[in-house]
> 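Have a look at this one before I ask anything.
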Amino acid sequence: MNVLIVDDDPIVSLSLKTILETNGDIHVVGVGSSGKDAIKLYELYRPDVLLMDIRMDDMTGLEAANRILKTDKSAKILFLTTFSDDEYIIQALTIGAKGYILKQDFDSIVPAIKAIEKGQSVFGGEIISKLPAILSTSSGFNYKDAHISDKELEIIALVADGLNNKEISEKVFLSEGTIRNYLSNILEKLKVRDRTQLAIFYLRNRQK
């Protein structure tokens, strides 16, 4: 697995590189120190996972991630930071990051990278404890205005419950292919990037 590290603290970057490369499954293809480095090096190496800090001088990790994901929706980005600010977490989720963990969660870094490479989303314990409050800030969203049908809303709720396409198809008595088509249309209507963002959108905007 190829990993790109971007952190403006060279000591942190070197430590992370050493930690990751003691694991035989991980190869660090490059190290950057800024958001601009992240964009340039991601394009050069196309890593399996981009491990990136948030606060950096010339361009934040959030800004860099947003630019990268606009050109490559499949990019797997894990934020590793000392900051657990609600606004940062919301931005990371909205952008489409696959993970957000704190640097003090030292032992979780390698497992998080491996989980994200396999397509999972990973958030550290302190971040998970914040999510209920963060996701309950909305007063509700009018899905009818977005032309979301009752069937589509049912599918959205099942995605938010963590069901995969096969499980959803069994629940609503439709084929997996039909579920994929529904999800494609839903993502387009709501202008969200993937099912993770869709679940977050639903949880933030469900009616109270």
Side-chain angles (χ1 to χ4, degrees), residues 1-35 37-39 41-42 45 47-57 59-69 72-136 160 162 193-197 199-201 203-204:
M1 181 201 321
N2 292 327
V3 174
L4 171 63
I5 298 171
V6 179
D7 194 297
D8 63 355
D9 186 332
I11 295 175
V12 171
S13 295
L14 180 60
S15 298
L16 288 171
K17 186 176 188 294
T18 301
I19 292 167
L20 298 185
E21 291 199 327
T22 57
N23 188 293
D25 298 332
I26 298 175
H27 172 58
V28 176
V29 294
V31 175
S33 60
S34 68
D37 281 351
I39 294 169
L41 293 173
Y42 183 87
Y45 293 114
D48 297 305
V49 177
L50 167 55
L51 179 64
M52 181 161 56
D53 194 7
I54 285 183
R55 285 193 183 177
M56 294 182 283
D57 287 339
M59 179 188 293
T60 69
L62 292 164
E63 292 171 316
N66 193 34
R67 294 195 188 187
I68 290 168
L69 284 161
D72 182 6
K73 293 181 179 180
S74 66
K76 296 174 180 175
I77 300 174
L78 169 61
F79 285 115
L80 179 65
T81 178
T82 56
F83 304 99
S84 61
D85 305 48
D86 289 359
E87 186 57 35
Y88 285 161
I89 298 168
I90 291 169
Q91 287 185 52
L93 293 171
T94 303
I95 287 167
K98 296 300 182 186
Y100 191 119
I101 58 176
L102 300 181
K103 287 180 178 177
Q104 48 265 43
D105 292 342
F106 191 83
D107 293 336
S108 68
I109 296 173
V110 170
I113 288 173
K114 290 185 175 182
I116 285 170
E117 194 271 335
K118 292 177 181 177
Q120 300 174 34
S121 294
V122 177
F123 298 92
E126 185 173 334
I127 306 305
I128 289 173
S129 70
K130 285 173 165 280
L131 289 180
I134 291 172
L135 296 174
S136 66
R193 185 174 287 114
D194 54 32
R195 64 194 302 134
T196 300
Q197 280 196 341
I200 293 162
F201 182 93
L203 293 171
R204 289 191 68 194

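Computed from a predicted structure; not experimentally measured.
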> How would you list all residue pairs meeting salt bridge (Lys or Arg N to Asp or Glu O under 4.0 Å) that involve residues 1-12, not counting sequence neighbours?
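Listed once each, the pairs are D7-K103.
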
> If we only count heavy atoms from C-beta on, is the H27 to M1 side-chain gap below 4.5 Å?
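No; the side chains remain at least 4.5 Å from each other.
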
> Within a strict 4.5 Å, meaning less than it, do heavy atoms of the I77 and Y42 side chains meet?
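Result no, sub-4.5 Å side-chain heavy-atom pair not found.
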
> If I take atom CE from residue M52 and atom CG from residue L80, how far apart are they, to the nearest 0.5 angstrom?
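That separation rounds to 11.0 Å.
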
> Rounded to the nearest 0.5 Å, how far apart are CG of D53 and OG of S33?
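So the gap between those two atoms works out to 11.0 Å.
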
> Could you tell me which residues satisfy side-chain hydrogen bond (donor to acceptor under 3.5 Å, both in side chains) with K98, sequence neighbours excluded, listed by chain and number?
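K98 satisfies side-chain hydrogen bond (donor to acceptor under 3.5 Å, both in side chains) with D194 only.
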
> Are the side chains of M59 and I39 in touch, meaning some heavy atoms are under 4.5 Å apart?
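Yes. Closest side-chain heavy atoms under 4.5 Å.
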
> Quick one: pull up CD1 in I19 and NZ in K17 and give me the separation to the nearest 0.5 Å.
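One finds 12.5 Å between CD1 of I19 and NZ of K17.
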
> Going by the side chain to side chain contact (heavy atoms under 4.5 Å, CB included) test, name the single residue among V3, N2, V29 that passes it with Y45.
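Only one of V3, N2, V29 forms a side chain to side chain contact (heavy atoms under 4.5 Å, CB included) with Y45, namely V29.
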
> Applying the side chain to side chain contact (heavy atoms under 4.5 Å, CB included) test to V28, which of L16, L51, L20 qualifies?
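When side chain to side chain contact (heavy atoms under 4.5 Å, CB included) is applied between V28 and each of L16, L51, L20, only L20 qualifies.
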
> Any idea which heavy atoms bring L4 and A38 closest together, and the distance?
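Scanning both residues completely, I find the closest heavy atoms to be CD2-O, 4.2 Å.
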
> Let me confirm one number: the CG-CG distance from N66 to L62, rounded to the nearest 0.5 Å.
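Answer for the CG-CG pair, N66 versus L62, is 8.5 Å.
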
> Report the residues that fulfil side-chain hydrogen bond (donor to acceptor under 3.5 Å, both in side chains) with E63, sequence neighbours left out, ordered by chain and then residue number.
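Only T60 meet the side-chain hydrogen bond (donor to acceptor under 3.5 Å, both in side chains) criterion with E63.
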
